[in-house]
Q: 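Got a structure for you, questions after.
When reading the values below, keep in mind they use all heavy atoms of this one structure, side chains included, and skip hydrogens, waters and symmetry mates. Chain A is the first sequence line, chain B the second, and so forth, proteins listed ahead of strands; every chain is numbered from 1. Everything numeric in this text was worked out from a predicted model, so none of it was measured.
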Amino acid sequence: MRWSQSFIPTMKEIPADAEIPSHQLMLRAGLIRQVMAGAYTYLPLGWRAIRKVEAIVRSEMERAGAIELFMPALCPAELWEQTGRIDDYGNALVNFPLVRGDRQIHVVLGPTHEEVVTDLMARQIKSYKQLPITVFQIQTKFRNEERPRFGVLRTSEFQMKDAYSFGTDLEQLNVAYDQMFAAYCRIFARCGLEYLTVEAESGPIGGDASHEFMVPADNGEDEIVHCHSCGYAANTERAEIGRPVPAIATPETMAELSTRQTPGTTSIEQVSQMLACDPSRIIKTLIYSVDDSTVAVLLRGDHEANQSKIRRALNGDTIELADPATIEQVSGAPVGFAGPVGLGCPILADHDIVTIVDAISGANQVDAHFTGVNIGRDFTLETSHDLRMAIGDDPCPRCDGTLQLARGIEVGHVFKLGTKYSTALSAEYLDEKEKKHPMVMGCYGIGINRIVAGMAETSHDENGLIWPLAIAPFEVLVIPLNINDDQVMATADRIYDDLRSEGLDVLMDDRKARPGFKFKDGDLIGIPLRVVIGGKGLADGVVELKWRTDEDSQRVPIDEAIASIRQQVRDRQAAEAETVPE
RNA sequence: CGGGACGUAGCUCAGCCUGGCAGAGCGCCGGCUUUGGGAGCCGGAAGUCGCAGGUUCAAAUCCUGUCGUCCCGACCA
């Protein structure tokens, strides 16, 4: 591609609306332009990168035995009613009525395609002999993000590869899952991304039924913990904490329980200031409504509640903080003064509550807190639970190591679905004995755009993007320094043609611009290998090669240039491939 | 959905407090010079100051409303 005939609008200045590096650089390098909050046009450079990623994803899916098909984004809402997800998704689901003659049909734009694919398989698969099968598509998905952000990291419309496996039983599911998991590792490695596999909420199947693939990045939306000793990694909201379960005992020596007036102190911070104590000595008492009952959750003042853990500890379906009326009813005080002493509802305590001696807690009366609160004397516990968010330096649940905090961009998710959708949509097969069973499913998603954005976010320097060869929009950038110099242009044209006939993706900056301008733009768009043809070099019979990742350039005789580039690109490809697991 | 910020030329922004001719740099167009890290000089085009209403002799500027964008939080199989 000749730059003058392409469409690569670069920007020297940083757009005011972009805050994180990937967003700024993707705008400045001419990869994307915003259409509205949460929707972007992919310009030629950005789209080429997307397609490179798609090609890698496609080849690895096929290598893993998945079959490509293509489902419509437009689906009947009826299918979504059958699985109940039309309510579960709520406002995030893009759905609207369509008028067709005198009828009105209710449609959704798919945020994912379990319903459509399961309905398809329900109609086409009758026998165990047709299973297992895994299908996939690469397609535009729609989710009405209430708050799109971070450029293309969180948008309402995005490219996703979604795959679905159908099998006769858990064993076939596990095989498919492992194949997909391995394929994902190869995909992210081939794309040149650093990634972590993270344990995620496992749903109804339990065990190791779900993993997320995260690109570590300071601006990532997800907070994860990671153990460097054993490799355990998990979303903080899912992360287990390897704390020993403390024995519940009444302390041998303790202070008297006394009441302190604490007018207006409804937050941990205010209480710790007014009573001059560390937040870790305060018992934070949160009143939750879980399904239809009310329960108090005790946490150390410096810890954060993990609602998923609380919900699971109670075997509940829904959980939310209780409303002020309920809180007043069970504690006898307005919000902010609840405590475990004499509380009118069941109590659930985190492990770390057990070891606090002479704690401070709300007194269940307005503007008052207790000091000297102790287990056994002032309130009772039979057991304790893991109810809080993991934090840095928590003990690893799998080994002796400690957990480190990190942030990550979720680029992939594999999930064992089980029979949720096959049951709801009657996707059943007959076994050898003519007995009907629901198919056992798995689903596997990859955010194509997020791979590109994740790369931009993690691979750049002060001058611009730095692409790996594997997903770079172009592999080689040829720069004739002065297009008015016939000898320079003739040489550049020849090199450009020869490289293209070698099968390389070549961009030639044939614009009428000064050298410095072209160098700056070249660095900004981050093409891996730069070939400079200039008058000075030609006088010495050389052209100049420079990798975007290198400090210095190489001077190569003109007639060796093509062979050298071919070889260096091959070497680089081989080096990038070294990280790809078997 | 709660909190905050911003909206003036294609981009970055000044002007607003204290009402009185619509500005700068970059980019763009034409010309000349220049040609190895975002060139120089000369000339030029370009804005319904987000939109609507109000106050005023007079509004980019003050007031009210509204729309949009960004950030923090809630939400996000």
Side-chain angles (χ1 to χ4, degrees), chain A residues 9-20 23-24 27-28 30 33-39 80 83-93 110-115 141-151 153-156 158 160 162 164 200-205 209-210 212 219 221-222 235 237-238 304 307-308 320-321 410 413-418 420-421 424 441-445 447 462-464 479-485 488 509 511-525 530 532-540 542-544 546 553 555:
Chain A
T10 57
M11 281 188 274
K12 188 157 72 170
E13 313 231 34
I14 300 170
D17 281 345
E19 199 138 300
I20 64 172
H23 192 193
Q24 294 176 349
L27 286 165
R28 289 186 55 212
R33 283 295 181 271
Q34 186 175 47
V35 177
M36 62 179 206
W80 287 72
T83 58
R85 284 213 298 177
I86 197 153
D87 297 321
D88 296 348
Y89 254 96
N91 192 37
L93 188 69
T112 169
H113 275 71
E114 280 84 356
E115 279 80 0
K141 303 291 184 190
F142 298 87
R143 291 181 196 180
N144 177 35
E145 291 297 343
E146 302 212 10
R147 196 189 147 207
R149 64 186 112 174
F150 299 149
L153 278 178
R154 188 164 198 80
T155 55
S156 288
F158 52 96
M160 178 164 142
D162 47 328
Y164 306 91
E201 178 127 43
S202 52
I205 301 262
S210 176
E212 291 168 337
N219 287 307
E221 283 193 285
D222 294 276
N235 222 307
E237 51 196 40
R238 325 272 190 237
E304 292 265 353
Q307 293 199 1
S308 301
E320 57 183 351
L321 277 170
E410 182 187 349
H413 195 167
V414 291
F415 199 94
K416 294 182 187 176
L417 286 174
K420 175 181 172 183
Y421 295 93
M441 296 172 54
C443 71
Y444 318 92
E462 66 279 8
N463 293 315
I479 303 184
L481 284 186
N482 182 355
I483 64 165
N484 295 323
D485 181 321
V488 166
D509 190 350
R511 293 175 300 174
K512 182 178 187 302
R514 296 166 61 83
F517 189 91
K518 292 186 176 186
F519 289 142
K520 286 290 187 189
D521 256 0
D523 286 346
L524 179 58
I525 68 172
R530 186 181 81 185
V532 171
I533 297 109
K536 289 185 188 170
L538 288 193
D540 298 339
V542 299
V543 297
E544 230 170 77
K546 180 180 170 298
S553 58
R555 286 160 63 86

Q: Would you classify A:Glu544 as touching base, sugar-phosphate or nothing, given that sugar-phosphate means primed atoms plus P, OP1 and OP2, and contacts are heavy atoms under 4.0 Å?
A: base
Q: Round to the nearest Å and state the distance from A:Asp222 atom CG to B:rA74 atom P.
A: 13 Å
Q: On RNA chain B, nearest-nucleotide positions of A:Lys12 versus A:His23: which is more 5'?
A: A:Lys12
Q: Under 4.0 angstrom, heavy atoms only, what part of the nucleic acid is A:Asn91 near: base, sugar-phosphate, or nothing?
A: nothing
Q: Considering only the P atoms, how many Å lie between B:rG43 and B:rA5, rounded to the nearest integer?
A: 44 Å
Q: Apply side-chain contact (heavy atoms from CB on, under 4.5 Å) to A:Phe519 and A:Asp509, showing your working.
A: CA-CA 10 Å; A:Phe519 289 142; A:Asp509 190 350; over 6 Å; no
Q: Looking for any heavy atom pair under 4.0 Å, which part of the strands does A:Gly90 touch: base, sugar-phosphate only, or nothing?
A: nothing
Q: Using Watson-Crick or G-U wobble geometry with both distances under 3.5 Å, which nucleotide pairs with B:rC1?
A: B:rG73
Q: In this structure, are over 12 heavy atoms from other groups packed under 6.0 Å from A:Glu304 atom CD?
A: no
Q: Applying a 4.0 Å non-hydrogen cut-off, can you work out what A:Tyr421 is touching in the nucleic acid: base, sugar-phosphate, or nothing?
A: nothing
Q: Check the distance between B:rG38's P and A:Leu524's CG and give it to me in whole angstrom.
A: 15 Å
Q: In whole Å, measure the gap between the C1' atoms of B:rU56 and B:rU18 for me.
A: 16 Å
Q: My understanding is that a pair needs two contacts under 3.5 Å, Watson-Crick or G-U wobble. By that rule, which nucleotide pairs with B:rC6?
A: B:rG68
Q: Between B:rA77, B:rU34, B:rA74, which nucleotide gets closest to the side-chain atoms of A:Phe415?
A: B:rA77
Q: Figure out the CZ/C1' separation between A:Arg28 and B:rG27, and round it to whole Å.
A: 14 Å
Q: Measure the distance from CZ on A:Arg147 to C1' on B:rC75 and round it to the nearest whole Å.
A: 11 Å
Q: Could you pull out all residues at least two apart from A:Asp87 that satisfy salt bridge (charged side-chain N to carboxylate O under 4.0 Å, His left out)?
A: none
Q: Have a look at A:Arg530 and say if it touches a base, only the backbone sugar-phosphate, or nothing, with a 4.0 Å heavy-atom cut-off.
A: base
Q: For a quick check under 3.5 Å, do A:Asn91 and A:Glu146 share a side-chain donor-acceptor pair by atom type?
A: yes
Q: Of all the nucleotides listed (B:rC75, B:rG37, B:rA77), which has the minimum atom distance to the side chain of A:Thr112?
A: B:rA77
Q: Sticking with atom C1', work out how far B:rC1 lies from B:rA60, rounded to a whole angstrom.
A: 32 Å
Q: Would you indicate what A:Ala37 reaches in the nucleic acid, counting non-hydrogen atoms under 4.0 angstrom: base, sugar-phosphate, or nothing?
A: sugar-phosphate
Q: Hey, does the side chain of A:Arg28 reach the backbone of A:Met11 with a donor-acceptor pair shorter than 3.5 angstrom?
A: yes
Q: Atom CG of A:Asn482 to atom P of B:rU34: distance rounded to whole Å?
A: 12 Å
Q: What is the per-nucleotide protein-contact pattern of nucleotides 40-46 of chain B, from the 5' end, where B denotes a base atom under 4.0 Å from a protein heavy atom, S denotes such proximity for sugar-phosphate atoms only, and - denotes neither?
A: -------
Q: Can you check the A:Lys520 NZ to B:rG27 C1' distance for me, whole Å?
A: 17 Å
Q: Out of B:rC1, B:rA77, B:rG38, which nucleotide sits closest to the side chain of A:Met160?
A: B:rA77
Q: Please walk me through it: do A:Gln34 and A:Asp17 pass side chain to side chain donor-acceptor pair (under 3.5 Å)?
A: CA-CA 10 Å; A:Gln34 186 175 47; A:Asp17 281 345; over 6 Å; no
Q: Could you check which nucleotide pairs with B:rG43 in any of the strands shown, counting Watson-Crick or G-U wobble with both distances under 3.5 Å?
A: B:rC29
Q: Return the value, rounded to whole Å, for the distance between atom CZ of A:Phe519 and atom P of B:rG38.
A: 10 Å
Q: Checking side-chain contact (heavy atoms from CB on, under 4.5 Å) for the pair A:Thr112/A:Arg143: CA distance, chi angles, key distance, verdict?
A: CA-CA 9 Å; A:Thr112 169; A:Arg143 291 181 196 180; 4.1 Å; yes
Q: Is a side-chain N or O of A:Arg555 found less than 3.5 angstrom from the main chain of A:Val543, in a donor-acceptor match?
A: no
Q: When we call it a touch if two heavy atoms are under 4.0 Å apart, what does A:Asn484 touch: a base, just sugar-phosphate, or nothing?
A: base
Q: Between A:Thr10 and A:Pro148, which residue's closest nucleotide on RNA chain B lies nearer the 5′ terminus?
A: A:Thr10
Q: Taking only the P atom of each, what is the distance from B:rA46 to B:rA52 in whole angstrom?
A: 22 Å
Q: Atom CG of A:Asp521 and atom P of B:rG27: how far apart are they, to the nearest Å?
A: 12 Å
Q: Short question: side chain of A:Thr155, backbone of A:Ala39 - any donor-acceptor pair under 3.5 Å?
A: no
Q: On a whole-Å scale, what distance lies between the C1' atoms belonging to B:rG47 and B:rA14?
A: 15 Å
Q: With both distances under 3.5 Å as the test, what is the Watson-Crick or G-U wobble partner of B:rA14?
A: none
Q: Please give the nucleotide sitting opposite B:rC57 as a Watson-Crick or G-U wobble pair, both distances under 3.5 Å, or none.
A: B:rG20
Q: Go along nucleotides 5-14 of chain B 5' to 3' and tag each nucleotide: B for a protein heavy atom under 4.0 Å from its base, S when only backbone or sugar atoms are that close, - otherwise.
A: ------BSS-
